[in-house]
Amino acid sequence: MNKFVITGGKKLKGTIRVNGAKNDALVIFAASLLTTQPVTVDNIPDIEDIKKLFKLMEKLGCKIERTGTSKYKIKTTQLNSHLIDSDIAKKIRASILLTAPLLGRFGRVRFPHPGGCVIGERPIDQFLDGYKSMGAKIRIRGNLYEITASRLKGAEFVFNNITVTGTESLIMAATLAKGRTMLKNCACEPEVKSLAGFLNSCGAKIVGAGTPYITIYGVDKLKGGVHRVISDRVEAGSFVILAVATNSDITIKNCEPGHLDALLSSLRKAGANFSVGKNSIEVRPSRLNSINIKTHEYPGFPTDLQAPFCVLLTQSKGSGLVHETIYEGRLTWTEDLKRMGADIHIYDPHRIEIKGPTKLRGREAESPDIRAGMAYLIAALCAKGKSTINNVYQIDRGYEKIEERLRKIGADIRRV
Ligand code: EPU
């Protein structure tokens with residue numbers, strides 16, 4: 001198993017480029033199953049979660065060809081199965097994104113409860129209730145769900161909980177359904193808007209994506225299409241936090257600052273020194289004061305940036321309360337941050353208080369999920385001495401060749 005060995009405590013300098021968004025790429029690949037014509041997707045990061053989704057799609061009969069450095073062509077004419085491979089699906093939550101397109105293509109889909117990051121309970125009731133409201137029948141056979149519907153019918157559906165992949169799945173299901181579907185209390189994340197843009201370019205009729213109200217007028221079929229995946233806002237945000245926490249001079253390029261409003265406004269309040277360009281953010285050294293953060297669906301403070309921000313709070317003056325509202329398992333990793341010297345009080349699974357600034361000490365930690373893995377990396381770069389991060393597969397799931405990119409801005413990091 002690969003690990004990262006990091007010697008921290010250095011200031012970093014230079015430019016780092018942001019890749020395409022994992023969570024946009026995953027849903028666009030899944031959506032390509034809705035058409036029998038070829039789809040070309042560009043700006044795809046070379047990461048483990050994408051490779052897992054490719055394997056799942058190939059097992060269903062899709063042909064995926066790499067046609068450029070980060071460009072792929074997907075052909076689904078030979079799609080021949082409605083069974084989502086259990087071994088792979090249990091490792092990746094995004095496997096659930098294949099359910100709606102398979103329902104659209106075959107009128108049936110069989111799949112296990114999806115796996116992925118262990119960050120809390122991740123039910124799929126909203127997907128099931130949504131499909132049911134559109135006329136689907138759901139059976140549970142052993143460990144598998146089986147959903148059938150000869151053709152889904154347009155419906156009105158209100159999400160009980162805001163879910164990104166749930167919103168994306170019902171958009172995809174409604175695209176080939178008969179009649180009009182109205183979705184309420186939808187996720188407003190940029191990835192949802194990007195998906196709707198792609199599907200509309202293939203002939204779908206989706207209005208309102210990016211707002212809580214989305215209307216989809218079902219069509220009989222879609223044509224193929226071309227799509228460029230949006231820049232990864234979580235990767236960009238993680239790099240900004242890394243730069244601020246290590247008090248470095250770093251320019252983050254190829255990002256979409258407009259997707260990071262909540263983070264940038266929190267950083268401004270904490271006293272971080274940075275300037276925002278059209279597609280870049282330049283970070284300069286600063287003195288930080290602690291602030292409180294509360295995670296919230298987009299456009300609020302992203303849960304995916306909560307862990308890196310906790311590290312930043314260990315380097316800020318004063319006390320900051322972190323309130324994780326979306327997942328009950330996303331603060332447990334801070335036990336290891338405490339072992340690195342952080343002053344953290346855990347009130348309950350959703351709330352912690354961090355006092356700073358504290359000098360972090362290098363040590364060994366296990367990466368439990370993608371975002372906590374990135375947070376350990378940032379902590380290790382802030383810390384004095386040597387740190388080892390095990391289970392870097394978790395980091396590779398979401399960040400392409402991270403050690404090579406960090407070395408270019410002066411980080412002392414090796415993969416062993
Ligand atoms: N929820 C339900 N019922 C459902 C679905 C979700 O109650 O049927 C609740 C969950 O319990 C949770 C909230 O809704 O409280 C959102 O959870 P969900 O697991 O549905 O999130 P998601 O849509 O699967 C996406 C991203 C996550 C990101 C969240 C929140 C993808 C592939 N994943 O997950 O990304 O944390 O939205 O913004 O788009 C990551 O990239 O590291 C990651 C975990």
Side-chain angles (χ1 to χ4, degrees), residues 19-31 45 47-50 52-53 56 89 91-100 111 113-133 138 145 147 157-173 183 185-195 229-230 232-238 259-260 262-263 295-308 323-331 333 349-350 367-375 394-399:
N19 285 340
K22 163 178 86 74
N23 292 343
D24 189 28
L26 289 169
V27 71
I28 300 293
F29 276 114
I47 53 175
E48 291 297 327
D49 269 19
I50 300 278
K52 287 252 160 7
L53 186 73
L56 271 181
K91 295 196 182 100
I92 155 174
R93 167 90 176 167
S95 57
I96 189 83
L97 290 169
L98 296 171
T99 57
F111 62 101
H113 195 89
C117 292
V118 186
I119 51 182
E121 203 197 334
R122 298 184 82 180
I124 59 165
D125 57 301
Q126 296 302 291
F127 299 74
L128 302 181
D129 289 352
Y131 295 149
K132 244 193 261 174
S133 76
I138 295 165
Y145 297 92
I147 310 185
F157 184 75
V158 185
F159 289 96
N160 276 340
N161 271 314
I162 301 180
T163 149
V164 178
T165 49
T167 302
E168 292 167 343
S169 294
L170 291 199
I171 289 179
M172 291 190 279
L183 304 176
N185 200 23
C186 299
C188 302
E189 269 70 358
E191 293 77 14
V192 174
K193 206 169 162 183
S194 171
L195 168 69
V229 160
I230 59 174
D232 196 316
R233 63 198 164 93
V234 181
E235 185 171 272
S238 304
H259 291 169
L260 286 169
L263 171 72
T295 63
H296 194 280
E297 292 82 12
Y298 190 85
F301 193 99
T303 170
D304 293 341
L305 289 175
Q306 170 263 105
H323 189 171
E324 167 57 58
T325 65
I326 296 171
Y327 297 113
E328 66 282 5
R330 240 183 184 176
L331 289 172
W333 73 280
H350 287 282
S367 173
D369 69 75
I370 310 179
R371 309 306 174 191
M374 183 46 139
Q394 285 294 340
I395 302 177
D396 293 335
R397 284 184 54 201
Y399 302 90

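Just so it is clear, the structure is predicted and the values come from calculations on it, not from any experiment. Each ligand, and each atom within it, is numbered from 1 in the order the structure gives.
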How close do [X] and [Y] get, heavy atom to heavy atom, and via which atoms?
X	Y	value
His350	Glu324	ND1-O, 2.5 Å
Ala25	Ile50	CB-CD1, 3.5 Å
Phe111	Leu128	CZ-CD2, 4.4 Å
Ser169	Tyr131	CB-OH, 3.5 Å
Gln126	Leu170	O-CD1, 4.5 Å

Under-4.0 Å heavy-atom contact with ligand 1, by part of [X] that carries it:
X	value
Asp125	both
Arg93	side chain
Gln306	neither
Lys22	side chain
Tyr327	side chain

*Working to the nearest 0.5 Å, report the span between OG of Ser194 and CD1 of Ile28.*
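Result: 4.5 Å between the selected atoms.
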
Any idea which atoms of ligand 1 are less than 4.0 Å away from a heavy-atom of [X]?
X	value
Ile326	12 (C), 13 (C), 15 (O)
Thr303	30 (C), 36 (O), 38 (O)
Gln126	3 (N), 4 (C), 8 (O)
Ile124	8 (O)
Thr165	20 (O), 22 (P), 23 (O), 24 (O), 31 (C), 32 (C), 39 (O)
Arg371	40 (C), 41 (O), 42 (O)

_Considering Asp49, Asn160, Val192, Asn161 one by one, which has a heavy atom nearer to atom 9 (C) of ligand 1 than any of the others?_
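Checking each option, the heavy atom nearest atom 9 (C) of ligand 1 is found in Asn161.
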
_Could you work out, for atom 36 (O) of ligand 1, the closest of Ile96, Asp304, Leu26, Val164 by heavy-atom distance?_
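Ranked by closest heavy atom to atom 36 (O) of ligand 1, first place is Asp304.
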
*Is the NZ atom of Lys52 crowded by more than 12 outside heavy atoms at less than 6.0 Å?*
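Yes, because the 6.0 Å sphere around NZ of Lys52 holds more than 12 heavy atoms from other groups.
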
*Let me see the working for Lys193 and Asp24 under salt bridge (charged side-chain N to carboxylate O under 4.0 Å, His left out), right down to the final yes or no.*
CA-CA 10 Å; Lys193 206 169 162 183; Asp24 189 28; over 6 Å; no

*Report yes or no: does a heavy atom of Ile162 sit under 4.0 Å from some atom of ligand 1?*
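For ligand 1, residue contact (heavy atoms, under 4.0 Å) with Ile162 is present.
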
_Any heavy atom of Glu328 closer to ligand 1 than 4.0 angstrom?_
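Distance cut 4.0 Å: Glu328 fails for ligand 1.
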
Any N or O on [X] sitting closer than 3.5 Å to an N or O of ligand 1?
X	result
Pro123	yes
Glu168	no
Gly166	no

*Salt-bridge contact Glu191-Arg233 (side-chain N to carboxylate O under 4.0 Å)*: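 The answer is yes: the pair qualifies as a salt bridge.
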
_Member of Asp396, Leu53, Ile370 meeting the side-chain contact (heavy atoms from CB on, under 4.5 Å) criterion with Glu48_ =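 Checked Asp396, Leu53, Ile370 against Glu48; only one passes side-chain contact (heavy atoms from CB on, under 4.5 Å): Asp396.
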
*Verify, without hydrogens or angle tests, whether Glu235 (side chain) and Ala21 (backbone) share a donor-acceptor contact under 3.5 angstrom.*
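Here the side-chain-to-backbone pair does not exist.
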
